[in-house]
Enquirer: 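Could you have a look at this structure, given as structure tokens, before my questions?
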Amino acid sequence: MDHVVLRPADWGPEFVPQAVAESRPRTVAVLDGKCRWQREPLPAGVWASLSRYAELPGRDGKGTVRVTAVATVHTSELGADEQLSTTLEEVLRCREQEIRSGERLTELGSTGTPFGLRGQQWADDNVYERGMYVTREGAHPYVWSVARVGTVTVGVSVKGAAGHTAEELNRWVTQSLPQMTGRVKARTGKEG
């Protein structure tokens, strides 16, 4: 896990760790029945999970962009596949989600792209989600994408800020997620 999940510098030279730089050990992020994100103990069917949190500090009139990278090792491909299905379904159940007090996601929509569909050649399956990240500083674009390679899922999220375009956020996602899937393939021998 440690070698797969991106560190701040992997996002770019100006990224730094957030005040809380990593998730609590042996926990996963779960969207509860009230559409709030919580950390809960690893469920049956999950061996390990690690999230790292970084940010691009605001300057020159631009706000602070916050990013997350996560990897989860499941006991089976079916379990990993179910995580991607759940990701798609959560947007239908919770078009608005609370990350923590004062931070929400709104206007959420998602699409799934299995290997070989629409040019997706780098993961067994991929889900892409977009919406708005809302704080007291305003509403800015938000992007989340999760991919499966065998029994491992990897994901990245980018929370926008003032002065940063949706294109920038998409670029960070499209550069970082394949980087993590490549690391999974290298460590599991699933290359090619």
Side-chain angles (χ1 to χ4, degrees), residues 1-8 10-11 15-56 64-76 78-108 110 125-137 140 142-149 151-161 169 172-173 176-177 179-181 183-184:
M1 301 296 288
D2 187 55
H3 300 289
V4 170
V5 181
L6 299 179
R7 296 180 182 281
D10 294 327
W11 291 91
F15 281 83
V16 298
Q18 288 186 33
V20 175
E22 288 191 359
S23 57
R24 289 190 318 269
R26 303 205 44 79
T27 64
V28 292
V30 175
L31 189 64
D32 71 15
K34 295 182 179 177
C35 299
R36 296 177 304 199
W37 284 99
Q38 311 283 336
R39 297 284 323 170
E40 294 187 359
L42 294 179
V46 173
W47 277 333
S49 186
L50 173 65
S51 298
R52 286 203 175 111
Y53 314 106
E55 63 188 27
L56 177 63
T64 299
V65 172
R66 290 175 177 83
V67 297
T68 300
V70 59
T72 302
V73 181
H74 300 261
T75 58
S76 69
L78 179 60
D81 214 29
E82 286 176 359
Q83 181 186 341
L84 270 73
S85 296
T86 299
T87 300
L88 280 169
E89 293 164 3
E90 284 174 339
V91 169
L92 299 174
R93 177 172 68 88
C94 297
R95 292 293 307 258
E96 257 189 52
Q97 302 172 5
E98 182 180 316
I99 301 171
R100 62 185 60 84
S101 181
E103 292 182 61
R104 292 179 301 124
L105 302 175
T106 64
E107 301 175 37
L108 293 170
S110 62
D125 204 352
N126 175 235
V127 172
Y128 179 86
E129 182 176 292
R130 67 195 148 297
M132 298 301 288
Y133 172 60
V134 182
T135 66
R136 45 183 187 278
E137 295 165 6
H140 303 285
Y142 160 83
V143 181
W144 160 254
S145 191
V146 61
R148 180 179 69 81
V149 177
T151 61
V152 180
T153 58
V154 293
V156 295
S157 72
V158 182
K159 299 170 188 161
L169 275 60
W172 282 313
V173 169
S176 59
L177 194 59
Q179 188 177 351
M180 286 208 299
T181 59
R183 291 175 179 185
V184 172

Enquirer: Using side-chain heavy atoms (C-beta onward) and a distance below 4.5 Å, is Leu31 in contact with Arg93?
Expert: yes
Enquirer: Show the nearest heavy-atom pair for residues Trp172 and Val158, with the distance to one decimal.
Expert: CE3-CG1, 4.0 Å
Enquirer: Kindly check if the number of other-residue, nucleotide or ligand heavy atoms within 6.0 Å of CZ (Arg39) is above 12?
Expert: yes
Enquirer: Looking only at heavy atoms, what is the nearest atom pair of Thr181 and Ala147, with distance?
Expert: CG2-CB, 3.9 Å
Enquirer: Hey, what do you get for CD (Gln97) to OG1 (Thr106), rounding to the nearest 0.5 Å?
Expert: 10.0 Å
Enquirer: Exactly one of Glu82, Gln83, Arg148 should register a side-chain hydrogen bond (donor to acceptor under 3.5 Å, both in side chains) with His74. Which one does?
Expert: Gln83
Enquirer: For a side chain to side chain contact (heavy atoms under 4.5 Å, CB included) check, start with the C-alpha distance between Val4 and Asp2, then their side-chain angles and the critical distance, and finish with the verdict.
Expert: CA-CA 6 Å; Val4 170; Asp2 187 55; over 6 Å; no
Enquirer: Could Arg183 and Asp10 be called an ion pair, given the rule that one side-chain N must be under 4.0 Å from one carboxylate O?
Expert: yes
Enquirer: CD of Glu96 to CZ of Arg36: how many Å apart, nearest 0.5 Å?
Expert: 14.0 Å
Enquirer: Please tell me if the side chains of Val134 and Leu105 come closer than 4.5 Å, counting only heavy atoms from C-beta onward.
Expert: no
Enquirer: Salt bridge check, Glu55 against Arg66: does any charged N sit closer than 4.0 Å to a carboxylate O?
Expert: yes
Enquirer: Measuring only between side-chain heavy atoms, which start at C-beta, is Thr75 closer than 4.5 Å to Trp47?
Expert: yes
Enquirer: Show the nearest heavy-atom pair for residues Asn126 and Ser145, with the distance to one decimal.
Expert: ND2-OG, 3.0 Å
Enquirer: Can you tell me how far the SG atom of Cys35 sits from the CG atom of Leu108, to the nearest 0.5 Å?
Expert: 10.0 Å
Enquirer: Is the side chain of Gln38 donor-acceptor paired with the backbone N or O of Val30 at a distance under 3.5 Å, no angle test?
Expert: no
Enquirer: Taking the side chain as C-beta and beyond, is there a heavy-atom pair between Leu6 and Trp11 under 4.5 Å?
Expert: yes
Enquirer: Check Val173 against Val156 and note the closest heavy-atom contact, atom names and distance.
Expert: CG1-CG2, 3.9 Å
Enquirer: A side-chain contact here means heavy atoms from C-beta on lying under 4.5 Å apart; do Tyr53 and Pro17 qualify?
Expert: no
Enquirer: May I ask you to check whether Tyr133 and Trp144 place their ring centers less than 6.0 Å from one another?
Expert: no
Enquirer: Rounded to the nearest 0.5 Å, what separates atom CZ in Arg52 from atom CZ in Arg7?
Expert: 4.0 Å
Enquirer: Could you pull out the closest heavy-atom pair between Pro41 and Val28, with the gap in Å?
Expert: O-CG2, 4.3 Å
Enquirer: Please indicate whether Glu22 has more than 12 foreign heavy atoms, meaning atoms of other residues, nucleotides or ligands, lying under 6.0 Å from its CD.
Expert: yes
Enquirer: Quick one, Val70 and Ser49 - any side-chain contact, counting heavy atoms below 4.5 Å?
Expert: yes
Enquirer: Are Tyr128 and Val143 packed together at the side-chain level, in the sense that at least one heavy-atom pair is separated by less than 4.5 angstrom?
Expert: yes
Enquirer: Show, in sequence, the C-alpha distance, side-chain angles and deciding distance for Leu84 and Val146, and conclude whether the side chain to side chain contact (heavy atoms under 4.5 Å, CB included) test is met.
Expert: CA-CA 7 Å; Leu84 270 73; Val146 61; 4.1 Å; yes
Enquirer: Once rounded to the nearest 0.5 Å, what's the spacing between atom CZ of Arg104 and atom CE of Met132?
Expert: 11.0 Å
Enquirer: How many angstroms lie between atom OG of Ser110 and atom CG of Leu88, to the nearest 0.5 angstrom?
Expert: 4.5 Å
Enquirer: Take Glu103 and Thr135, measure what side-chain hydrogen bond (donor to acceptor under 3.5 Å, both in side chains) needs, and give me the verdict at the end.
Expert: CA-CA 5 Å; Glu103 292 182 61; Thr135 66; over 6 Å; no
Enquirer: Does the side chain of Val73 come within less than 4.5 Å of Val46's, by heavy atoms?
Expert: no
Enquirer: Run Glu129 and Ser157 through side chain to side chain contact (heavy atoms under 4.5 Å, CB included) and show every step you take.
Expert: CA-CA 9 Å; Glu129 182 176 292; Ser157 72; over 6 Å; no
Enquirer: Would you name the heavy atoms of Val154 and Met180 that are closest together and state the gap between them?
Expert: CB-CE, 3.8 Å
